[in-house]
2 protein chains.
Amino acid sequence: MESTVKERSIEIESTGLCTNLGWLLSQANHAMTTEMTARLEGIGLYPRNFCVIQAASQDDRTQTEIAQAIGLDKTTMVTSVDELEAAGLVERVPSVTDRRARIIRVTEQGAAKAAEAKRIIGELQEEILDSLPADQRTALMDGLQTLVGDRLAEPVECGRAVRRRD
Amino acid sequence: MESTVKERSIEIESTGLCTNLGWLLSQANHAMTTEMTARLEGIGLYPRNFCVIQAASQDDRTQTEIAQAIGLDKTTMVTSVDELEAAGLVERVPSVTDRRARIIRVTEQGAAKAAEAKRIIGELQEEILDSLPADQRTALMDGLQTLVGDRLAEPVECGRAVRRRD
DNA sequence: TATTGTTATACTCTATAACTATA
DNA sequence: TATAGTTATAGAGTATAACAATA
């Protein structure tokens with residue numbers, strides 16, 4: 001069960017997985033999400049809810065706007081907002097321009113929690129990026145941002161839809 | 001529903017999500033997996049099973065060895081091998097050195113299928129990487145490989161374990 | 001008629017636990 | 001006693017569909 005970094009690298013290489021972008025993203029995502037979950041456990045916040053509260057922090061945004069920005073299903077979004085509201089971190093405020101819509105307002109307590117979470121996640125992220133050679137650090141972030149903002153912005157149509165996780 | 005690349009980029013930026021490595025990985029992973037699933041649908045192969053058959057293609061490997069290399073639970077692995085075997089792409093061959101273990105042998109048909117899948121996925125991957133500026137291309141792959149081989153090689157302990165998807 | 005948000009639920013799929021056979 | 005593989009099943013969590021209020 002104990003495996004060194006070198007063993008792990010050799011193992012990946014010999015399977016041809018290291019040239020597989022999809023697998024690399026899946027691995028990195030899973031390990032990263034797990035670590036974020038573990039670190040945020042202490043302040044009682046799921047990574048996904050951190051995204052929600054973060055997206056709600058800037059301007060006035062409706063539930064649907066936030067869901068679409070993050071890439072969440074609207075019913076999944078309801079669950080997130082329910083949790084955040086129950087914890088007193090956000091409030092659903094009726095929009096004045098559209099009485100169907102609810103603005104997600106971050107409470108004072110929510111803002112404090114978000115700041116704390118941002119610190120924790122920021123630290124983790126720095127730690128992870130610091131494990132890379134300097135030139136790979138920014139290039140990785142830049143590359144991912146480009147992909148997610150462009151070529152991989154929206155999931156394609158797919159017969160048997162792939163469910164989202166985290 | 002229709003959103004341009006520029007709109008998408010602005011949206012991401014204004015939410016602070018673009019600096020969130022975890023979210024970027026999650027987004028990229030989901031879009032990539034969906035696209036792989038769509039493209040492999042034509043030849044009747046799931047992305048995960050492609051990983052399995054690919055990992056089984058090189059040396060003689062047991063089921064557990066492959067599962068561990070890819071990062072699959074052993075029970076999930078059983079399902080994958082069942083599917084591949086039912087499709088005639090692999091065979092479970094008893095190991096001669098350990099009668100408990102099964103070597104996953106790729107059949108001729110399986111090798112052909114794997115080659116076809118590799119072509120399809122390779123093309124997709126090139127297409128995606130080509131959407132990046134030249135300098136970001138290799139840096140992205142290198143960076144991911146480094147992370148997955150090292151800092152993000154194994155998911156950390158976590159009270160409420162994060163389930164793996166794809 | 002279309003959209004926001006909600007509820008209820010079906011469905012998918014992973015991981016746990018328990019078991020067999022070997023080591 | 002521990003490990004490889006299997007089976008059965010519970011459990012988590014997303015997406016579908018149907019609904020109410022409003023546009």
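Just so it is clear: chains get the letters A, B, ... in the order the sequence lines come, proteins before strands, and each one is counted from 1.
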Side-chain donor-acceptor pair present, [X], [Y], cut-off under 3.5 Å:
X        : Y        : result
A/Thr62  : A/Thr64  : no
A/Thr37  : A/Arg48  : no
B/Thr146 : A/Gln136 : yes
B/Ser26  : A/Arg164 : yes
A/Asn29  : A/Thr33  : yes

statement: Ordered by number, residues from residues 75-103 of chain A within less than 4.0 Å of DNA chain D (heavy atoms) are A/Thr75, A/Thr76, A/Asp98, A/Arg99, A/Arg100
task: Looking only at side-chain atoms of A/Arg163, point me to the closest of C/dT12, D/dA4, C/dT4.
output: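 Nearest to the side chain of A/Arg163 among the choices is C/dT12.
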message: Through direct or indirect side-chain contacts below 4.5 angstrom among Ile, Leu, Val, Met, Phe, Trp and Tyr, which residues connect to A/Val93?
response: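 A/Val93 shares its hydrophobic cluster with A/Ile103.
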Rounded interatomic separation in angstrom, taking [atom1] from [X] and [atom2] from [N]:
X        : N      : atom1 : atom2 : answer
B/Gln68  : D/dA4  : CD    : C1'   : 13 Å
B/Tyr46  : C/dT14 : OH    : P     : 11 Å
A/Asn49  : D/dT14 : CG    : P     : 10 Å
B/Arg164 : D/dA12 : CZ    : C1'   : 17 Å
B/Leu72  : C/dT16 : CG    : P     : 14 Å
A/Arg61  : C/dG5  : CZ    : P     : 14 Å
A/Lys74  : C/dT3  : NZ    : C1'   : 8 Å
A/Asp73  : C/dT6  : CG    : P     : 13 Å

query: Taking for each residue the nucleotide of DNA chain D bearing the nearest heavy atom, is the 5' side occupied by A/Ala161 or by B/Thr62?
result: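 Counting from the 5' end, the first nearest nucleotide belongs to B/Thr62.
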field: Under 4.0 angstrom between A/Arg160 side-chain N/O and C/dC11 OP1 or OP2
entry: no
field: Ion pair check, A/Glu116 and A/Lys113, cut-off under 4.0 Å
entry: no
